[in-house]
Every structure is written in C-alpha cells, then in structure tokens.
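Chain A is the first sequence line, chain B the second, and so forth, proteins listed ahead of strands; every chain is numbered from 1. Side chains included, hydrogens not; waters and symmetry mates left out as well; all remaining heavy atoms used. Computed from a predicted model, the values in this text were never measured in an experiment.
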Amino acid sequence: MTTIRAIRGMNDILPDETDRWQYLERTVAEVLASYGYGEIRMPIVEQTALFRRSIGEVTDIVEKEMYSFDDRNGESLTLRPEGTAGCVRAAIQNSLLGTVQRLWYSGPMFRYERPQKGRQRQFHQIGAEVFGVPTPDIDAELILMTARLWRALGIDEHVELQLNSIGSSADRQAFRAALVSYLSEHQADLDEDSQRRLLTNPLRILDSKHPGTRALLQQAPVLTDYLDGESKADFARVCELLDAASVSYVVNPSLVRGLDYYNKTVFEWVTDRLGAQGTVCAGGRYDGLVQQLGGKPVPGIGFAMGKERLVLLLEALEALPAALPAADVYVVNSGGRAEIAAFAALESLRSALPGLRIVQHTGGGSFRSQLKKADKSGARWALIWGDDEVAAATVTVKPLREQGEAQATLPLADVAAFLLRSRTPDTTTEGS
RNA sequence: GUGGCCGUAGCUCACCUGGUAGAGCACCGGAUUGUGACUCCGGAGGUAGCGGGUUCAAGACCCGUCGGCCACCCCA
C-alpha cells in the first residue's frame with residue numbers, strides 16, 4: 001500500500017514549531033492592536049475572477065500559479081494566492097468603506113510554485129489593509145507599525161527597509177513606454193529572461209540580476225523622473241515622517257511590486273539571512289483597486305508579511321523565547337485504586353491551579369519507567385500515587401529539577417498550596 | 001517551467017575503488033522489595049524511495065520514476 005503524503009509544498013507544522021508560530025502571531029497581534037487595527041477573517045476560496053481582476057492578467061500569479069478549480073455548479077473558484085483582493089471584496093460587500101478602516105488578517109495563501117527555502121505552495125501571511133486614507137500619513141503609520149514589530153521581535157538589526165514610489169498608473173505607462181523604447185534598442189545585449197520580460201513585464205527588468213543587463217540599466221530612463229507632482233510630494237512626506245521617527249530606509253528606484261494594483265508608495269523589508277527569498281514583508285498603496293472591484297473610489301494601502309520567513313529569521317537569529325517544557329507536573333500512579341484517586345485529585349488540582357500544566361501518566365508501567373517519563377517530560381515535579389498514599393489520603397511530591405530538594409508526602413488538601421508556594425518566579429522571556 | 005545536489009533504522013550519518021547493512025542518539029526492558037537523570041547489561045527496529053538494466057554478485061554502476069533540498073524564474 002502506498003502511503004499518502006501531504007501535497008508538495010504544503011507542510012505540517014508540528015508542536016515543536018507551533019510554539020514559535022504562536023509567539024510570532026501573538027506579538028504581531030499585540031502590535032496591530034496597539035495601532036487600533038481590527039481583525040477580519042475572509043474565506044480562503046474566492047471566485048477566480050476576483051484575482052484575475054485585481055492582481056492582473058499578465059502576472060505570474062494569475063498566469064501560472066493559481067490553484068483554480070470548478071465548483072460543482074461550474075463556477076471557477078481559486079484558493080487565494082494573496083489576501084488583499086479578498087479583503088477589498090469583503091470591505092465592499094459588507095459596506096465598510098463609508099469610514100476609514102484599519103484591518104488585519106492572518107492565514108494561509110496558495111501559489112503553485114517550486115518550493116524552496118522560504119517558499120512553499122501553502123504559505124501563511126499576516127496582512128494589514130487601510131481603506132479611506134488618501135494622505136501619506138497612513139503610509140508612514142503602516143511602515144512605523146512594521147518597524148515597531150521588528151523591534152518587538154528583536155530582529156530590527158537584520159531587516160532593511162527599501163522604499164520607492166511608482167507613481168500613478170499614468171506615470172508608469174509613460175515610464176514603461178520610455179523604458180521599452182530604450183531597452184529595445186539594446187535588445188541584443190539583454191539576457192534571455194529580460195528579453196522575454198520586455199514583452200510581458202518590462203518594469204521587472206529593473207531588478208534583473210544579470211551583470212550585462214544591469215550595466216545597460218545604468219543609462220536607462222529612471223522612474224522617478226516620470227512621477228507626477230502629487231506622487232513626488234507624497235513620497236517626500238513619507239520620507240520626512242520616517243526620518244522624524246528615526247526609521248531608516250533605502251530608496252530603491254528599481255523597487256517594483258509584482259502585482260498590478262500598486263501605485264505611489266511601495267516598500268519591502270528584506271534580510272540577507274534567508275538565502276534567495278529575503279523579502280519578509282512587503283506592501284504599498286493601491287488607490288484604484290476598490291473602484292476596480294466595483295466599489296467607490298476609496299484609496300487603499302496595505303502590506304503582508306510571510307510567517308514562514310519570519311519564523312525562519314527568528315530561528316536564524318536565535319531571537320525566540322526559551323521553549324517551555326512539556327509539563328510542570330507529571331503524575332505517576334500504581335494503577336487500580338491509586339489511578340482512581342489520582343484522577344479525582346488532579347481534577348481538583350487543575351481547578352485550583354488553572355495555569356499549571358499537569359500530565360498524567362497513561363499506559364501503566366513500573367514506577368521506575370513512569371519516573372523516566374516524568375524526567376523526560378521536563379516537569380519540575382512528579383506527583384506519586386501508590387497504595388500507601390491512597391491508604392493515607394496523601395500524595396508524594398518529588399522534585400525533579402532542583403538539586404538537594406527532598407521529596408515530601410503531603411495530605412491531598414495541601415498539594416495545591418505546596419505547588420503554588422514552590423513555583424519559581426516565571427523566568428521565561430518574551431523575546432529580547 | 002529550468003538547473004544542481006541528495007534519497008540506507010524514528011533522527012544524524014557510515015559502509016572507502018560492487019561481495020547480500022552498521023554506529024551514535026532516540027525507543028523498550030533489566031541492574032533486590034514503590035523512585036528519574038549518570039553508569040552498566042540486554043532488546044526491538046531497515047524489502048537500502050520505487051521500477052528496470054549491467055554483472056557470477058549492486059545500497060554502491062547505468063536509465064527511468066517519485067520525493068526532498070537549494071537556486072533560476074517569481075514572490076511573502
């Protein structure tokens with residue numbers, strides 16, 4: 001019989017790792033809450049048309065990376081490849097756009113790509129979107145919020161903010177025409193990929209890695225020269241606000257986001273610690289998108305961060321809090337009446353000390369083997385119920401960690417107080 | 001979609017230029033009556049990803065296939 005495996009690029013996240021994920025999610029949620037953002041939860045599946053219309057027909061995502069399938073009624077559905085489109089759809093559908101909305105979401109996204117470090121077919125993002133603010137103050141707020149998050153996670157020394165303005169749609173049309181015209185004259189000197197992109201997505205040639213192409217780009221038209229007055233002024237204001245907040249950044253004129261709906265401010269947080277997939281968070285403004293999807297002309301801006309990449313970065317930088325042992329208390333019993341007594345006593349103990357993690361040994365075995373398990377569990381104490389304890393209505397508390405502490409046999413009624421008293425001050429750290 | 005590297009016990013790996021598989025860790029049991037860690041003794045666990053080929057003989061060589069990793073492309 002062939003064993004069934006998970007789909008390529010779709011990974012299980014095991015208990016060892018979920019600690020780290022929860023730490024990340026908790027920290028992000030706290031920062032988002034501190035800026036007044038509210039959580040929104042959208043479906044994972046949407047009509048295919050939503051993504052075609054928002055992300056752009058000629059993007060790689062739409063052309064070859066979407067998980068699309070027909071519903072039973074013949075309608076084409078798609079597993080969401082990103083979160084913004086669904087969020088915009090939800091905001092329109094639920095009439096949220098009459099006032100400013102600060103939203104965030106978290107969950108899985110799906111793109112059919114070859115897996116590699118920091119990239120899988122089911123990956124997970126936390127994103128934030130703001131609707132209804134046309135001014136660049138909100139651009140700065142979003143960026144400041146992410147900067148705060150990196151500090152909270154202790155990774156701010158290892159991420160760099162790259163910033164650019166890609167202007168209005170009209171600005172980009174004009175620039176694109178100039179760029180294509182220039183590059184077409186030197187087509188023979190372009191690398192193969194870039195020659196192809198000349199037809200499909202010329203702006204992407206700007207961040208080509210080929211030396212020959214890079215040399216050509218030295219003399220190429222610069223996007224910044226094509227920006228209209230408002231784009232320039234807004235970008236300057238974003239920079240000014242970041243400067244005032246002491247958030248450093250690098251203006252990268254060749255930073256172009258891959259999705260069609262972006263305009264004006266775009267930004268990426270990148271690290272050099274994750275190999276080829278170094279972008280850990282990215283976003284930008286998308287002022288035309290709401291209208292494009294059938295809503296009123298409400299401006300929007302947002303970002304998304306990749307949870308896998310952030311967890312990898314936290315691991316690489318050893319910026320994670322110390323792992324907790326699996327249990328605080330491990331309970332050993334000799335079976336029979338001792339097991340009955342232990343069950344009853346533990347239920348009371350859990351009620352009395354809700355934060356205490358109590359693992360009861362199951363499956364029998366000698367005291368010796370049970371205590372081995374107790375030791376391996378990392379528990380601070382073993383509680384022991386044997387025939388003697390049952391007869392006397394007591395329990396034996398055996399310290400497993402501190403040297404020199406003696407075990408004691410206590411009346412059942414005193415156990416909770418004893419454990420509470422000897423519990424050490426919580427030394428677990430939240431990050432750095 | 002393209003390229004490189006890799007698939008031997010639960011994990012990390014070894015078996016050198018082909019002679020029908022081993023270590024460490026983990027796991028299980030034991031070392032006098034109900035007590036962990038350290039130590040000692042013992043045990044279980046692999047159709048060498050799968051299929052084909054070359055050969056007297058293949059885990060080792062060749063081909064295919066599936067899977068993994070990394071990179072290109074693209075992106076979080």
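For A/Q116 and B/A71, the shortest distance from a side-chain N or O to OP1 or OP2 is below 4.0 Å. Distances shown here put every side-chain N or O of A/R5 at or beyond 4.0 Å from the OP1 or OP2 atom of B/G49. Under 4.0 angstrom from either OP1 or OP2 of B/A76 there lies at least one side-chain N or O belonging to A/R257. For the OP1/OP2 pair of B/C72 and a distance below 4.0 Å, the side-chain nitrogens and oxygens of A/K117 include no atom meeting the criterion. At B/C74, one or more side-chain N or O atoms of A/R197 fall inside 4.0 Å of OP1 or OP2 (strictly under the cut-off). Within the 4.0 Å cut-off from OP1 or OP2 of B/G29, not a single side-chain nitrogen or oxygen of A/K372 is found.
Between the side chains of A/Q407 and A/T396, no donor-acceptor pair of N or O atoms lies under 3.5 Å. A side-chain donor-acceptor contact under 3.5 Å links A/R89 and A/Q93. Between A/D171 and A/S168, the side chains place a donor N or O and an acceptor N or O closer than 3.5 Å (distance only, hydrogens not considered).
In this entry the distance linking CZ of A/F367 with C1' of B/G36 reads 13 Å, nearest Å. Between the CG atom of A/D260 and the C1' atom of B/C75 there is a distance of 14 Å, rounded to whole Å. The CZ-C1' distance, from A/R80 to B/C75, rounds to 17 Å in whole Å. The distance from atom CG of A/D60 to atom C1' of B/A76 is 15 Å, rounded to the nearest whole Å. If you take NE2 of A/H361 and P of B/U35, they are 15 Å apart, rounded to a whole angstrom. A/R114 has its CZ atom 10 Å from the C1' atom of B/A71, to the nearest Å.
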Item to check | Steps toward side chain to side chain donor-acceptor pair (under 3.5 Å) verdict (A/Q122, A/Q120) | outcome: CA-CA 5 Å; A/Q122 176 176 332; A/Q120 31 283 128; over 6 Å; no
Checklist entry - What's the verdict on side chain to side chain donor-acceptor pair (under 3.5 Å) for A/Y286 and A/E129, showing C-alpha distance, side-chain angles and the deciding distance? => result CA-CA 10 Å; A/Y286 47 86; A/E129 315 286 353; 2.5 Å; yes
Checklist entry - In dot-bracket, 5' to 3', how would RNA chain B read with Watson-Crick or G-U wobble pairs under 3.5 Å, [ ] for crossing ones and | for pairs to another strand? => result (((((((..((((.....[..)))).(((((.......))))).....(((((..]....))))))))))))....
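Minimum interatomic distance between A/Y262 and A/G284 (heavy atoms only, all atoms of both residues): CE2-N, 3.4 Å.
Residue contacts for A/Q407: at a heavy-atom cut-off of 4.0 Å it reaches a base atom on one of the strands shown.
Spacing of C1' atoms, B/A9 relative to B/A23, comes out at 11 Å, to the nearest Å. Taking atom P in both B/C15 and B/A60, the straight-line distance is 14 Å, to the nearest Å.
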